[in-house]
Participant: 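Just dropping this structure here.
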Amino acid sequence: MKKILSIMTAIITAVSMLTCSAAEGTISVRVQPAVFLCGDIYNIVWSTDKPGVGYVEYTLDDKTVRIYDEEAGVIRTDDYIHTVSVPVSELDAAGGYSVTAVEVSSRTPYSAAYGASCTETRTFSGYHGQEQINIWTLSDTHRTPTNNIMTGVNAAASHLQGNGPDIVMLLGDIANDMQNKSYAEIAVFDTAAQLSGGSVPCVYTRGNHETRGEFSGYLLQYLPSDTGEFYFTFEYGPLSSIVLDLGEDKIDSHPEYSGLVDYSNYRVEETDWLNSVDSYTGNPTYRIAFCHGPNIINHFGFNWL
């Protein structure tokens, strides 16, 4: 009898290790969602005050689509900034979305403890056949987690509210640098969320100051593009655009970089990519290149124009 009880206890223990237990807690959105246009994909980015599961939902053809913040099928639970990539065509057709985060207080190879969840819902408008396209551009705010320049930015933007943006273009040096993750969270993602309301697409062009700091090498994982880099093309109705990545504005050996950049090779790769972009899809009315720096006619010996 003792042996049977022992076996039953072992089975119950094993089964319990494979199930998810609930735990009380709270979680809240810290940075509201923003939708970044990065080629033929949208990246929906938001952050919470605790790490956990993040996912996006929208309705398409009367069916609910749920996409997780995941990597190779494994749902991330160790980050409080969430990025979920969705096809441009699907989100444009859906016309809205919700973001949800669920606290995960513990995770082992065979169990997880969940806490509370929080959800934000937004309407969304991609290109919808309008005759005029309004693009708001913002650059060189050099925002940090402590100098909230958005009070002045929003005051200036309030004068344009009657003619709101179809696209919000963050044209580089939105953050003063990338010392740590909070610089990306507050300077870049919160700025985009405040200006767009999460309801129109944002486009991010990297500035040279955003290549500085320990976290600069991790920013791309939150804004993946269809090229895998910060440079890409995108289309918006009659508008066909190229987004360029300036990189740094000084040579790699400059003392400011302490030998920790390799933009010489990066510029060669970007130039090769530009040479491969030899035509525009369809017959666009407008063709615009966006870049943080103006010297693209002679960018370290390359003529990007």
Side-chain angles (χ1 to χ4, degrees), residues 27-61 63-104 117-128 136 164-170 174 181-182 184-206 218-228 230 232 234-236 243:
I27 188 171
S28 61
V29 173
R30 183 158 58 190
V31 169
Q32 296 294 321
V35 180
F36 288 86
L37 177 56
C38 299
D40 61 3
I41 60 173
Y42 285 130
N43 290 302
I44 303 176
V45 184
W46 77 104
S47 76
T48 54
D49 60 347
K50 294 179 181 178
V53 172
Y55 61 85
V56 167
E57 287 186 331
Y58 52 88
T59 301
L60 192 65
D61 297 328
K63 296 180 180 179
T64 299
V65 178
R66 177 181 290 188
I67 305 178
Y68 286 94
D69 178 10
E70 54 83 26
E71 180 68 33
V74 179
I75 296 173
R76 298 185 180 95
T77 60
D78 61 346
D79 203 344
Y80 57 86
I81 300 178
H82 297 287
T83 293
V84 174
S85 301
V86 304
V88 166
S89 59
E90 289 193 7
L91 191 60
D92 284 352
Y97 64 93
S98 65
V99 299
T100 298
V102 183
E103 180 190 3
V104 177
S117 66
C118 58
T119 299
E120 292 282 344
T121 301
R122 296 288 186 274
T123 60
F124 183 78
S125 179
Y127 179 69
H128 49 280
W136 287 8
D166 296 303
I167 300 173
V168 173
M169 173 66 64
L170 303 183
I174 304 302
K181 188 184 295 187
S182 65
E185 178 192 18
I186 302 302
V188 177
F189 303 141
D190 181 64
T191 299
Q194 289 198 46
L195 288 178
S196 70
S199 294
V200 296
C202 301
V203 180
Y204 172 72
T205 302
R206 187 168 67 159
Y218 300 95
L219 181 59
L220 187 60
Q221 72 184 37
Y222 296 98
L223 295 172
S225 72
D226 55 6
T227 66
F230 281 115
F232 52 88
F234 73 87
E235 295 182 3
Y236 184 92
V243 174

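Since the structure is predicted, the reported quantities are computational estimates derived from the model, not experimental observations.
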Participant: Considering non-hydrogen atoms only, spot the tightest contact between I67 and V86 and give its length.
Facilitator: CD1-CG1, 3.6 Å
Participant: Measure the shortest side-chain to side-chain distance between V200 and D166 over non-hydrogen atoms and say whether it is less than 4.5 angstrom.
Facilitator: no
Participant: So do I81 and V45 actually touch side chain to side chain, heavy atoms under 4.5 Å?
Facilitator: yes
Participant: Quick one: are V104 and V53 in side-chain contact, heavy atoms under 4.5 Å?
Facilitator: yes
Participant: To the nearest 0.5 Å, what is the distance between CG (L170) and OH (Y204)?
Facilitator: 8.0 Å
Participant: What are the two closest heavy atoms between L219 and A184, and how far apart are they?
Facilitator: CD1-CB, 3.8 Å
Participant: Considering only heavy atoms from C-beta outward, does the side chain of N43 approach that of P224 to under 4.5 Å?
Facilitator: yes
Participant: Suppose we screen for ring pair (Phe, Tyr, Trp, His ring centres under 6.0 Å). Which residues come up paired with F36, at least two apart in sequence or across chains?
Facilitator: F189
Participant: Identify the heavy atoms of V203 and I167 that sit nearest to each other, and give their distance.
Facilitator: CG2-CG2, 4.0 Å
Participant: Please give me the minimum heavy-atom distance between T48 and C118, naming the atom from each residue.
Facilitator: CG2-SG, 4.2 Å
Participant: Roughly how far, to the nearest 0.5 Å, is CD1 of I41 from OG of S225?
Facilitator: 6.5 Å
Participant: Quick check: closest heavy atoms across E185 and Y80, and the distance to 0.1 Å?
Facilitator: OE1-CE1, 3.5 Å
Participant: Kindly indicate whether the side chain of W46, heavy atoms from C-beta on, has any atom under 4.5 Å from the side chain of E120.
Facilitator: no
Participant: So, for P201 and Y236, which heavy atoms are closest and what is the spacing to 0.1 Å?
Facilitator: CG-CE1, 4.2 Å
Participant: Keeping the roles fixed (side chain from D49, backbone from S28), state whether a donor-acceptor pair exists under 3.5 Å.
Facilitator: yes
Participant: Kindly indicate whether the side chain of P165, heavy atoms from C-beta on, has any atom under 4.5 Å from the side chain of L195.
Facilitator: no
Participant: Write out all pairs satisfying salt bridge (charged side-chain N to carboxylate O under 4.0 Å, His left out) with one or both partners inside residues 73-86, taking only residues at least two apart or from two chains.
Facilitator: D69-R76, E71-R76, D79-K181
Participant: Can you tell me how far the OH atom of Y127 sits from the CG atom of L37, to the nearest 0.5 Å?
Facilitator: 14.5 Å
Participant: So, the side chain of S47 versus the backbone of V31: is there a donor-acceptor pair under 3.5 Å, distance only?
Facilitator: yes
Participant: Walk me through it: do V243 and F230 pass the test side chain to side chain contact (heavy atoms under 4.5 Å, CB included)?
Facilitator: CA-CA 8 Å; V243 174; F230 281 115; over 6 Å; no
Participant: With sequence neighbours left out, write down each residue that passes ring pair (Phe, Tyr, Trp, His ring centres under 6.0 Å) with Y55, or none if nothing qualifies.
Facilitator: Y68
Participant: Can you find a heavy atom in the side chain of L91 that is under 4.5 Å from one in the side chain of I44?
Facilitator: yes
Participant: Are F124 and Y42 an aromatic pair by the rule of ring centers under 6.0 Å?
Facilitator: yes
Participant: How long is the straight-line distance from CD of E57 back to OG1 of T119, given to the nearest 0.5 Å?
Facilitator: 8.0 Å
Participant: Roughly how far, to the nearest 0.5 Å, is the CE atom of M169 from the CD1 atom of I174?
Facilitator: 10.5 Å
Participant: I'd like to know if the side chain of E70 and the backbone of A72 have a donor-acceptor N/O pair within less than 3.5 Å.
Facilitator: yes
Participant: Can you tell if the side chain of P33 reaches within under 4.5 Å of the side chain of Y97, non-hydrogen atoms only?
Facilitator: yes
Participant: For the atom pair CG (D190) and CZ (R30), what is the distance rounded to the nearest 0.5 Å?
Facilitator: 10.5 Å
